[in-house]
Engineer: 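Have a look at the structure that comes next, please.
Start at 1 and go down the list; that is how both ligands and their atoms are numbered.
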Amino acid sequence: MGVAILKFHSTNHSCPEVDFKTALLAGLAPDKGLYTANEYPRFDRDELLGMASMEYPDLALAVLSKLVGDQFPPAKLKDICKDAYNFPVPVVKLADNENLFMLHLDKGPTASFKDFAARAMARLMALLVAQEKRDMLILTATSGDTGGAVASAFYGVKNIKVCVLFPADEVSERQRKQMTTLGKNVQAIAIEGKFDDCQALVKKAFSDPDLASLNLSSANSINVGRLLPQSVYYFWAYYRVCEESIGKGTLDPVVFSVPSGNFGNLMGGLIAKQLGLPVSKFIAAVNENDEVPKFLETSTYAKIEPSIKCLSNAMNVGHPSNLARIVDLYGGTMDHEGNVLKLPDMNRLRDDIFSTSISDEETRFIIETVHHKYNYVLEAHGAVGWGGLKRFLDFYDVATPCISIETADPAKFPELIQEILGIDPPLPPSLKKMQEKEESYPKQKKDYLAFKDYLIENYAT
Ligand SMILES: *Cc1c(COP(=O)(O)O)cnc(C)c1O
């Protein structure tokens with residue numbers, strides 16, 4: 001398969017283009033924009049058909065090689081894919097008489113889809129840090145699941161330290177424990193504020209010249225290294241649900257419903273489409289933080305400040321950082337504060353993406369009815385995705401397979417499942433282990449100077 005040399009520009013267009021390695025290590029671009037690819041290579045028909053029966057690690061290798069194969073020794077990239085993707089990725093058909101599927105991205109070590117990106121990214125970064133003989137501090141804001149996935153992925157990696165900021169009152173106990181019980185090179189800080197406050201602190205630290213000596217980098221979806229690995233599971237799910245048509249040599253389109261917060265997952269899907277995957281529609285399903293569906297409807301963007309606290313806590317985002325990349329992909333410009341400087345091609349955007357908001361009340365109702373109808377336990381994020389798909393199907397009559405994404409294991413949110421369904425979701429082994437461990441984390445106000453002092457005190461050498 002051909003190897004591309006991708007170049008990345010900043011969504012703010014005020015700094016030079018860079019290669020993938022540079023974008024990966026930098027996290028944020030120096031002009032505060034997000035690095036995003038200038039254009040994507042495309043798999044041709046034969047290549048797409050040829051990848052259909054690959055195992056997940058081989059598929060990941062094929063997709064990542066197409067994107068950034070020029071940046072890493074092939075054997076290393078192969079080892080990384082094999083090592084990162086050592087867990088199942090089930091695609092489940094809910095009922096025989098319906099063409100609806102659930103893609104489960106919750107079987108990794110921290111039971112959320114964040115494992116897919118974090119595990120590949122940690123290994124790629126570890127490789128670069130070792131090559132360059134330097135050290136690095138990964139600074140990450142989390143709305144719930146990124147922190148655990150990043151902490152787990154980087155745990156024990158030499159020369160890389162991790163500091164995670166989470167909103168003190170908006171993560172579940174199990175989500176918190178995934179960050180606060182590891183120790184070693186992983187430190188979590190509870191911020192008395194919302195996810196957006198955590199994200200703002202992190203962004204400010206990145207552009208603070210006083211902190212340059214800390215070698216900061218980001219593992220949030222502001223880092224383009226998170227996005228590329230997230231295009232792989234779209235291929236994986238596609239091949240599972242289209243087995244029959246692929247057997248006949250045809251590539252039929254499908255629909256994906258993506259529960260969305262910071263829109264990194266959706267951006268992974270859009271990259272897959274750019275690479276040639278036939279997707280007729282993406283559904284961007286959000287909770288009550290409905291700034292994106294409103295943007296698509298009215299062509300006017302207004303972030304929600306502060307974000308609304310909903311059951312699907314990892315999606316409580318009032319200004320998704322990846323929106324700047326999506327706007328960029330469709331020919332527009334959005335600056336780092338969310339101002340639309342140039343409107344993207346809204347018609348093309350609406351052709352590709354249907355976006356809708358699912359309330360907490362609807363989320364509860366969906367968890368209940370899906371359990372009743374299919375004997376299937378969804379948690380709140382997956383329920384928002386499912387609700388988005390159902391609403392889409394109310395408007396449009398489609399014959400294509402529809403795939404809804406479940407992004408977390410219900411056992412991460414036992415209280416809610418117990419309350420709605422009256423059952424205790426079984427605990428996966430990875431979550432069981434951390435239950436007994438001791439927690440350790442400081443609590444801080446959402447104050448930048450205090451945060452900066454903390455970083456200097458704990459990480460400056
Ligand atoms: C992070 C997360 C989301 C939202 O994904 P984005 O890429 O931020 O849109 C959805 N569900 C779960 C469980 C998550 O952890």
Engineer: Hey, which residues fall under 4.0 Å of ligand 1 on heavy atoms?
Structural biologist: Phe113, Lys114, Asp145, Pro259, Ser260, Gly261, Asn262, Phe263, Gly264, Asn265, Ala314, Met315, His381, Thr407, Ala408
Engineer: Flag the pair Glu439 and Lys177 as a salt bridge only when some basic side-chain nitrogen lies within less than 4.0 angstrom of an acidic carboxylate oxygen.
Structural biologist: no
Engineer: Would you give me the side-chain donor-acceptor pairs under 3.5 Å for residues 293-300, sequence neighbours excluded?
Structural biologist:
from, atom 1, to, atom 2, distance (Å)
Lys294, NZ, Asp290, OD2, 3.2
Thr298, OG1, Lys294, O, 2.7
Thr298, OG1, Thr300, N, 3.1
Thr298, OG1, Thr300, O, 3.2
Ser299, OG, Arg350, NH2, 2.8
Thr300, OG1, Thr298, O, 3.4

Engineer: Output yes when Asp83 and Arg123 qualify as a salt bridge under the 4.0 Å nitrogen-oxygen rule, no when they do not.
Structural biologist: yes
Engineer: Applying side chain to side chain contact (heavy atoms under 4.5 Å, CB included), name anything that partners Lys443, two or more places apart in sequence or on another chain.
Structural biologist: Ala168, Ala190, Glu192
Engineer: Holding to ring-ring contact (aromatic ring centres under 6.0 Å, His included), I want the full list of residues that pass it with Tyr454, two or more places apart in sequence or in another chain.
Structural biologist: none
Engineer: Check this for me: does any side-chain nitrogen of one of Glu337 and Lys303 sit under 4.0 Å from a carboxylate oxygen of the other?
Structural biologist: no
